[in-house]
Amino acid sequence: MGVMSGPYVIRGAVSLPEAELMWRFSRSSGPGGQHVNTTDSQVELRFDLAATESLPEVWKERALERLANRLVNGVVSVRSSEHRSQWRNRETAAVRLTALLAEATAPPPKARVKRKIPRGINERRLREKKQRGDTKRGRSGRDW
């Protein structure tokens, strides 16, 4: 994982402003031994998606719709506690949040264009079905 402090780029020129990120630190379970009991290494990163001005309006609407089940009062939050150091957990949380927002703001995939099945393909399929049926009918052995 690269060093990532400063502007957290979502896509293109759009990035998360540091001022709109809310950090919360608490004691973490997991690795760290006795060190765990004394340091606030778990990181919770919150971003107010509903109130932000940093995302283009279209992206914002898209993200609000796609992340609806993850939002609490328009705020999306990401937690990280797998590393022993708070700094690394901060990096992980920031990366997760940017990835989540990048995915949620991505444009919808192009609609599939429905094309007509060529007549020859359809006829061949029906001919093969007929042949298979005849083969199976021939196996019943009733005309012996």
Side-chain angles (χ1 to χ4, degrees), residues 1-32 35-36 39-144:
M1 189 181 311
V3 175
M4 189 184 170
S5 51
Y8 302 110
V9 179
I10 296 176
R11 198 168 50 251
V14 180
S15 59
L16 289 175
E18 190 67 51
E20 288 187 29
L21 299 177
M22 295 166 280
W23 298 91
R24 214 168 84 199
F25 308 101
S26 55
R27 297 216 174 127
S28 172
S29 63
H35 176 71
V36 159
T39 53
D40 292 343
S41 59
Q42 177 171 283
V43 173
E44 186 183 355
L45 174 57
R46 296 156 55 96
F47 177 65
D48 195 342
L49 189 57
T52 187
E53 296 294 319
S54 59
L55 295 179
E57 203 54 43
V58 185
W59 286 24
K60 192 166 140 179
E61 284 169 22
R62 225 182 262 155
L64 283 168
E65 191 180 311
R66 290 184 184 164
L67 297 174
N69 58 347
R70 274 197 72 150
L71 298 177
V72 179
N73 300 329
V75 177
V76 64
S77 70
V78 174
R79 246 199 200 118
S80 174
S81 61
E82 52 265 20
H83 301 294
R84 284 182 59 164
S85 84
Q86 187 193 95
W87 186 82
R88 283 182 64 194
N89 280 328
R90 285 181 72 137
E91 295 295 301
T92 308
V95 168
R96 272 193 207 151
L97 183 65
T98 50
L100 184 72
L101 288 174
E103 199 178 303
T105 57
K110 281 186 179 155
R112 184 177 167 269
V113 180
K114 200 172 177 187
R115 299 238 152 67
K116 195 171 179 293
I117 297 170
R119 198 166 133 209
I121 288 177
N122 228 350
E123 284 176 355
R124 188 181 329 131
R125 182 181 62 86
L126 292 173
R127 198 169 45 247
E128 283 169 6
K129 272 173 73 91
K130 192 97 190 122
Q131 224 170 359
R132 188 94 183 123
D134 291 343
T135 304
K136 288 187 170 190
R137 205 173 303 113
R139 289 185 188 148
S140 66
R142 53 169 186 254
D143 297 331
W144 284 60

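When reading the values below, keep in mind they use all heavy atoms of this one structure, side chains included, and skip hydrogens, waters and symmetry mates.
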If we only count heavy atoms from C-beta on, is the Arg125 to Ile117 side-chain gap below 4.5 Å?
no
Check whether Arg46 reaches the backbone of Ser77 with its side chain - one donor and one acceptor, N or O, closer than 3.5 Å.
no
Between the main-chain N or O of Glu44 and the side-chain N or O of Arg24, is there a donor-acceptor pair closer than 3.5 Å?
no
Answer yes or no on whether Arg90 is positioned over the face of Trp23, meaning its NZ or CZ is under 6.0 Å from the six-membered ring centre and within 45° of the axis.
yes
Indicate yes or no: at least one non-hydrogen side-chain atom of Met22 is less than 4.5 angstrom from one of Leu45.
no
dist Glu20:CD -> Leu49:CG (nearest 0.5 Å) comes out at 10.0 Å
When rounded to the nearest 0.5 angstrom, what distance separates CZ in Arg127 from CD in Gln131?
8.0 Å
So, taking the atom named OG in Ser41 and the one named CZ in Arg88, what distance separates them when rounded to the nearest 0.5 Å?
11.5 Å
I need the Arg70 CZ to Leu100 CG distance, nearest 0.5 Å.
5.0 Å
Salt bridge or not for Glu103 and Arg96, using N-O below 4.0 Å?
no
Sub-4.5 Å side-chain heavy-atom contact between Val75 and Phe47
no
Gap between atom NZ of Lys116 and atom CD1 of Ile121 - 0.5 Å precision:
11.0 Å
Crowding at CD, Glu123 (>12 non-hydrogen neighbours, <6.0 Å)
yes
Heavy-atom closest pair (Thr105 atom, Ala63 atom, distance to 0.1 Å) is CG2-CB, 3.9 Å
Within-4.5 Å side-chain heavy-atom neighbours: Leu101 and Leu67
yes
Using atom types as modelled and distance alone, determine if a side-chain donor or acceptor of Asn89 lies under 3.5 Å from a backbone N or O of Val43.
no
Residue pair Leu97, Leu21: steps toward the side-chain contact (heavy atoms from CB on, under 4.5 Å) verdict
CA-CA 10 Å; Leu97 183 65; Leu21 299 177; 3.9 Å; yes
Does a salt bridge link Glu128 with Arg132, judged by any charged N lying under 4.0 Å from a carboxylate O?
no
State, without any angle test, whether Gln42 and Ser26 hold a side-chain donor-acceptor pair at a distance under 3.5 Å.
yes
Report yes if some heavy atom in the side chain of Asp48 is under 4.5 Å from a heavy atom in the side chain of Asn73; otherwise report no.
no
